[in-house]
Amino acid sequence: MGYLTAKQFSEIWGITERRIIKLCKENRIEGAMKHGMVWEIPEGTRKPSDKRSNIYKYIHIPKRIMIVNSKEDIQEPITQTLQKEGYIVECKQWDSLENHFEEISQYYEGLIYCPIYQMDKKEEAFIMEFSKRLHSESSIVIVEQKKERKTEIEKKLAPILKEEIGTQINTLILDIPDRKENLINSKEIVQDIIELLLHFKNTTGVAITTDGGNIEFDKNKRTPPLGIGKFYKAINQCFERLTKEDYLWCASTMLEDEWTEDAQEMKFRLINLEAANRGVSIERIFLFRKDQIKEFKENKTLKIYMQSNIKTLFVDYEEIQKSKPELLKTIENGWDGINQDILIVDLPEGNSKRGYLSKNKREVTKAYECFQELKKHARDLKEVLK
């Protein structure tokens, strides 16, 4: 395939070279590439439609998706994700649609429907009516809040929609206990919904179950000891929510299983750095003996942290052992605290579990006060390891 210049295409298309260069800069000419000061365009390229023409307006119909009855914790991130993909998102409640859904006149690329109760005949009728505004590349996703209430709507309508329109309909079941203390990862739920909506183009009439990364707390507001995978997922979930208004305070006793090149630890370092770059206030205290200073001068993790926006501090382990031994009992194997709300606690090396999370006010407060006391004995880690 050959290429022609903007000047050559100006003669072919009957418009100025300047206009063609502007179209190239706006990425409206497919395959156009700039080499130095010259734009080159593939031979045979069709002239772009004028945005003012009826043809352009007809070709560029806005892509719309409707979301019905979704909760705020998933509605906002779904909307943001779809908007980045170029969709116009309309959020509705069933009450506003119940007696007026026949009046829907726009064309849509998809529907996300969250039943409040067991779906009834009227809601089924709405989905069937709505499907008339879809095409063969569209998708419908039903988001069920309770597993025991699982609707068979996707199985009932899937054959009809597939045969008559080509539209896919699938269900995401949220198998999540309704407890305020639990940590739920809305990001995981949103990812699954988006996947079903935009990418499951050859799958219809299926139900997928998710627990939304559910982390359960007991009556004492502590999780049970968590295995490696669940522990790190819980940390990721907590850290991803941090904003510049949050305060992350951490104490590490430099256990032998830390600071490795393990993939989990590498990810942990990354989410620390990402949080710091978002403006989260992070202070990390590292406790080790003075005779280990030479050893830790070449530590990769410490070097990375010291080059970031994370405030890194050193406390002499032996000094605390002599003057404030009760602090070491509180620190035990180290922890990360978020504001004065949650504590992420490491378990001893060799334990079959990795750690646990606590929202127990007494435990979190004790750790927070311990950290503030340690800061009185702290020095800048950069000065110690220089």
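Note: hydrogens, waters and symmetry copies are ignored here, and every other heavy atom, side chains too, is used.
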Is there side-chain contact between [X] and [Y], with heavy atoms separated by less than 4.5 Å?
| X | Y | result |
| --- | --- | --- |
| Ile331 | Phe371 | no |
| Leu343 | Glu363 | yes |
| Thr253 | Leu328 | no |
| Glu274 | Ile271 | yes |
| Ile344 | Phe239 | yes |
| Asn214 | Leu183 | no |
| Thr5 | Val38 | yes |
| Lys290 | Glu318 | no |

Salt-bridge present ([X], [Y]; N to O < 4.0 Å):
| X | Y | value |
| --- | --- | --- |
| Lys376 | Glu373 | yes |
| Glu30 | Arg46 | no |
| Glu17 | Lys7 | no |
| Asp120 | Lys122 | no |
| Glu129 | Lys132 | yes |
| Glu26 | Lys22 | yes |
| Lys156 | Glu124 | yes |
| Glu283 | Lys375 | yes |
| Arg284 | Asp336 | yes |
| Asp346 | Arg354 | yes |

About how many Å separate [atom2] of [Y] and [atom1] of [X], when rounded to the nearest 0.5 Å?
| X | Y | atom1 | atom2 | result |
| --- | --- | --- | --- | --- |
| Leu357 | Leu226 | CG | CG | 6.5 Å |
| Ser281 | Glu245 | OG | CD | 11.5 Å |
| Leu161 | Ile169 | CG | CD1 | 5.5 Å |
| Glu240 | Lys187 | CD | NZ | 4.0 Å |
| Leu23 | Arg28 | CG | CZ | 5.0 Å |
| Tyr113 | Ile127 | OH | CD1 | 6.5 Å |

When you measure from the side chain of [X] to the backbone N and O of [Y], does any donor-acceptor pair fall under 3.5 Å?
| X | Y | answer |
| --- | --- | --- |
| Asp211 | Gly213 | yes |
| Lys201 | Glu137 | yes |
| Asp246 | Thr243 | yes |
| Trp13 | Gln8 | no |
| Gln83 | Val89 | no |
| Gln168 | Ser138 | yes |
| Asn360 | Asn220 | yes |
| Lys382 | Met306 | yes |
| Arg222 | Lys359 | no |

Item to check | Same apolar cluster (I L V M F W Y, side chains within < 4.5 Å links), Met128/Tyr108 | outcome: yes
Checklist entry - What is the ring orientation for Tyr232 with Phe268, classed by angle as parallel under 30°, tilted 30 to 60°, or perpendicular over 60°? => result perpendicular
Checklist entry - What is the ring orientation for Tyr368 with Trp249, classed by angle as parallel under 30°, tilted 30 to 60°, or perpendicular over 60°? => result perpendicular
Next on the checklist: Please tell me whether Trp94 and Phe126 form a close aromatic pair, meaning their ring centres lie under 6.0 Å apart.
Outcome noted: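 They qualify: ring centres under 6.0 Å apart.
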Next on the checklist: Tell me if the aromatic rings of Phe314 and Phe288 count as close, with their centers under 6.0 Å from one another.
Outcome noted: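 Yes.
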Checklist entry - Glu109 and side chain to side chain donor-acceptor pair (under 3.5 Å): which partner among Arg133, His135, Arg64, Lys63? => result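 So the option named by the test is His135.
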Item to check | side-chain contact (heavy atoms from CB on, under 4.5 Å) partner of Asn170, the single match among Thr203, Leu197, Ile193 | outcome: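 Of the listed residues Thr203, Leu197, Ile193, the side-chain contact (heavy atoms from CB on, under 4.5 Å) partner of Asn170 is Thr203.
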Checklist entry - Hey, mind stepping through Glu383 and Lys386 against salt bridge (Lys or Arg N to Asp or Glu O under 4.0 Å) and telling me if it holds? => result CA-CA 5 Å; Glu383 293 299 314; Lys386 69 180 181 179; 2.9 Å; yes
Item to check | Smallest separation among heavy atoms of Leu374 and Ala251, with atom names | outcome: CD1-CB, 4.5 Å
Next on the checklist: Checking Thr171 against Glu144: is there a side-chain donor and acceptor pair closer than 3.5 Å?
Outcome noted: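 No, no side-chain donor-acceptor contact under 3.5 Å.
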